[in-house]
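Before any comments, here is the structure.
Treat the numbers as computed from the prediction; the structure is a model and nothing was measured.
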There are 2 protein chains.
Amino acid sequence: MAKTERNKEQTKQKFIDAVSKIIVRDGFKAIGINTISKEAGLDKVLIYRYFDGLDGLLHAFAKQKDFYINISEEIYKSIENASKDDVKQLVVVVLNNQLRELRSNKELQELMLWEMIERNELTIAIAKEREKKGYELSKKLKEKMNIPDAELDVDAIMSILVSGLYYLALRSRTVDVFNGVEIDTNAGWLRIESAIQTIVNNLFNSIN
Amino acid sequence: MAKTERNKEQTKQKFIDAVSKIIVRDGFKAIGINTISKEAGLDKVLIYRYFDGLDGLLHAFAKQKDFYINISEEIYKSIENASKDDVKQLVVVVLNNQLRELRSNKELQELMLWEMIERNELTIAIAKEREKKGYELSKKLKEKMNIPDAELDVDAIMSILVSGLYYLALRSRTVDVFNGVEIDTNAGWLRIESAIQTIVNNLFNSIN
DNA sequence: TACTTTTGTCACCAGTTAGTGATATAATTT
DNA sequence: AAATTATATCACTAACTGGTGACAAAAGTA
């Protein structure tokens, strides 16, 4: 018999990795004490010992990853330095950036779907964090644009546009056409990105 | 013992009603052979006999209900009779109509979430039907507006807006604020409806 | 070396799932 | 009234779920 290496931290990491693998491969629905321990090749009792149960493990998992849509430092700087005229284009860039990030990140997609279905300690915490980050970005853009609240409800408008992109990205997991747009091809997604461009342009024309 | 009434059709209906009740009360996640038979107060073996299993029952359930967002005859007629100038306002009415319908229909919400999570015979069929109906309506509006495809990608724009409303309605089940908009209050939803108005107005201003 | 603690495995529990074969009883036909 | 068919119940299976107590073996300490 080869002697078994024993290392608590390494073992804990194996469980966290197993969670990630299962989510990416089979979706959040497949997450459970048994599936995880099987995937990790370790006994499930360790999940109770090291993480105090499934909730604790999921928390450790969430802590280790960034589960809000990542806003690059680059974009943040662009906003700081942007002139008022550039901001319109920046809004488009930010929106399309979020779309691409979500489309390419299967783990994030699953997490967002999970948030929509189940309300547990984990999903609530993650959703709250993302809402905070997203809203901060939104506020920064709004300030730059310098539009009086009375004139244009930028928050409400942005919430519709962001939601639209979220939905389309998540929907494309299980469907190939939405309202005549092929969301399973690059050509389709280019149409969506152009549409965002069009909407934003026309919106702020009336102001600028 | 009170004699048990025996009536196949009535019994089948009881199962279908049970499916509906469970979905509304506990969500699609709770659907299963055991929960349904328990809710119906009947033996689960009847589900196999009368519907050839869960899939068959769900099919019967879906057939009996309208699982696409209902477009009232009234609105259809309005579109037919609308002048070119009215159409812009009609788009707003149709969008806000869909939002209200979805917000008030818990069963529909659950079905739409289900479609996003699982790809089975039922969810595929329902989604396909809704896509068809929705796209028909969209095409009707587009024709009326008489905008050349080259000028404005109406399908893509509408897909973003409709998606946005879908997402917000579904998200409001588990979250109370999105991008600073309170989607758990009427005031918040009024902001969303106004934002739709704003977006559509600005979009088609450039054309008309 | 002998003892203790940490790390990991194994075997089992009670509860739930989908699915089925045998049986009882109501309704219909002969 | 007797026989047949349709309708519904019951009791069971095998596989899975989350959860736990008893044990084994490695690592650290006296």
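Judged by distance alone, with hydrogens and angles left aside, the side-chain atoms of B/Ser78 form a donor-acceptor pair with the main-chain N or O of B/Glu74 at under 3.5 Å. Under a 3.5 Å cut-off, the side chain of A/Ser37 and the backbone N or O of A/Asp43 do not form any donor-acceptor pair. A distance-only check finds a donor-acceptor pair linking the side chain of A/Trp189 to the backbone of A/Ile183 [under 3.5 Å].
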Stepwise side chain to side chain donor-acceptor pair (under 3.5 Å) check, A/Asp17 with A/Gln13: CA-CA 6 Å; A/Asp17 292 345; A/Gln13 192 56 47; 3.0 Å; yes
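For A/Val45, the listed nucleotide lying nearest its side chain is C/dC10; candidates were D/dC10, C/dA18, C/dC10. Comparing C/dT9, D/dT9, C/dT17 by their closest approach to the side chain of B/Thr35 singles out C/dT17. Listed nucleotides: C/dC10, D/dG19, D/dT17. Nearest to the side chain of A/Asn34: D/dT17.
Using a 3.5 Å distance cut-off with no hydrogens or angles, the side chains of A/Glu107 and A/Asn105 do not pair a donor with an acceptor.
No contact: A/Leu54 has no heavy atom under 4.0 Å from any strand.
Distance CG (B/Asn120) to C1' (C/dA18): 16 Å, rounded to an integer number of Å. The separation between A/Lys44 atom NZ and C/dC13 atom P is 13 Å, rounded to whole Å.
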Tabulate atom names and distances for all N/O pairs under 3.5 angstrom spanning the protein and nucleotides 5-7 of chain D.
residue: D/dT7; atom: O2; partner: B/Arg6; partner atom: NH1; Å: 2.3
residue: D/dT7; atom: O2; partner: B/Arg6; partner atom: NH2; Å: 3.3

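Both tests pass for B/Lys139 against the ring of B/Tyr135: distance under 6.0 Å to the centre and angle within 45° of the axis.
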